[in-house]
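First the structure, in the form of structure tokens, and then the observations on it.
All values reported here derive from a predicted model rather than from experimental measurement.
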2 protein chains.
Amino acid sequence: MGLTKTEFFTQEQNQLAAIFKALAHPARIAILQVLIEKDTCICGDIVEELPLAQPTVSQHLKELKSVGLVKGEIEGTSICYCINQETWSQVKHLVDDLFTALSVNQKCCS
Amino acid sequence: MGLTKTEFFTQEQNQLAAIFKALAHPARIAILQVLIEKDTCICGDIVEELPLAQPTVSQHLKELKSVGLVKGEIEGTSICYCINQETWSQVKHLVDDLFTALSVNQKCCS
DNA sequence: CTGTTTTATCGTAATATTACAATATAAATA
DNA sequence: TATTTATATTGTAATATTACGATAAAACAG
């Protein structure tokens, strides 16, 4: 018990859930917003913008990286983080499809 | 420790995170898909479509209801569940805004 | 009123997440 | 090489999530 029954759901359902899970924390939303709004995306700058300790931010960045939403490039001593545009459009399409489907059909409870 | 520091984030960040959290489980994605695809949305039918016990499905439905993604109307002995169109469009806009912002700007790591 | 059907709630075990101090690692610089 | 700087990893405590059996509650049928 206590373990999600991943094997009983479709790949699409699991993939969508994994993406949403990565987005399901205000700190990770905040990190993504910082990456958009700031010219620079050095890890240290992200830490300064957030009300969390450095190891915690590092952990959140790791989760965003693990689903491909974000990537990091070594730049001397620092690491430059940014939105991973390659995977981002795929994610956007998956989410768009879900939301569009939900908006179009409505057959009961009206 | 172990508790999300909600109070240090903006209302928008927390709201977005809460919505994504509700979507962050394959069973809840599956429930939403069933609500779209099936003519009927009686709770019992949802339970039959999913590989989970009735109390587990009931718990997932409760979470979807708590963020307003889904609503339920009593219909005799059963309950008719459906997508809550009123809150759905708000959610869609919030998510769209986030995704659009992320797609437009890209200033480094190129 | 009694039994049936349908859904929700309670209790609880297993597992996952969140946060951070302490520490490790890796690159630049003195 | 030793030191500094920037980030990652480890270990761990507190809390949350997931799943389901048992049971309650609510509506209907007889």
Judged by nearest nucleotide, the residue sitting upstream toward the 5' end of DNA chain C, A:Leu3 or B:Thr4, is A:Leu3

Would you say A:Lys62 places a side-chain N or O within less than 4.0 Å of OP1 or OP2 belonging to D:dT7?
no

Have a look at A:Glu63 and say if it touches a base, only the backbone sugar-phosphate, or nothing, with a 4.0 Å heavy-atom cut-off.
sugar-phosphate

Determine: side-chain N/O of A:Thr77 to OP1/OP2 of C:dA27, distance under 4.0 Å, yes or no.
no

Nearest nucleotide by nearest heavy atom, which residue falls closer to the 5' end of DNA chain D, A:Pro55 or A:Ser78?
A:Ser78

Between B:Arg28 (CZ) and D:dT17 (P), how many Å, whole number?
9 Å

Determine the contact category for B:Leu61: base if any of its heavy atoms lies under 4.0 Å from a base atom, sugar-phosphate if only primed atoms, P, OP1 or OP2 are that close, otherwise nothing.
nothing

Heavy atoms under 4.0 Å, any strand shown: does B:Leu52 hit a base, just sugar-phosphate, or nothing?
sugar-phosphate

On the nucleotide C:dA19, are OP1 or OP2 found under 4.0 Å from the side-chain N or O atoms that A:Thr56 carries?
no

With a 4.0 Å limit, can you tell me whether A:Lys21 has a side-chain N or O closer than that to the phosphate oxygens OP1/OP2 of C:dT17?
yes

Respond yes when some side-chain nitrogen or oxygen of A:Tyr81 is under 4.0 Å from OP1 or OP2 of D:dA6, and no when none is.
no

A:Ser58 side chain to A:Pro55 main-chain N or O, any donor-acceptor pair under 3.5 Å?
no

Classify the angle between the aromatic ring planes of A:Phe20 and B:Phe20 as parallel (below 30°), tilted (30 to 60°) or perpendicular (above 60°).
parallel

Tell me which of B:Gly44 and B:Gln59 sits closer to the 5' end of DNA chain C, going by the nucleotide each one is nearest to.
B:Gly44

State whether B:His60 places a side-chain N or O below 4.0 Å from either non-bridging phosphate oxygen (OP1 or OP2) of D:dT17.
no

Is the count of non-hydrogen atoms from other residues, nucleotides or ligands lying under 6.0 Å from B:Glu7 atom CD greater than 12?
yes

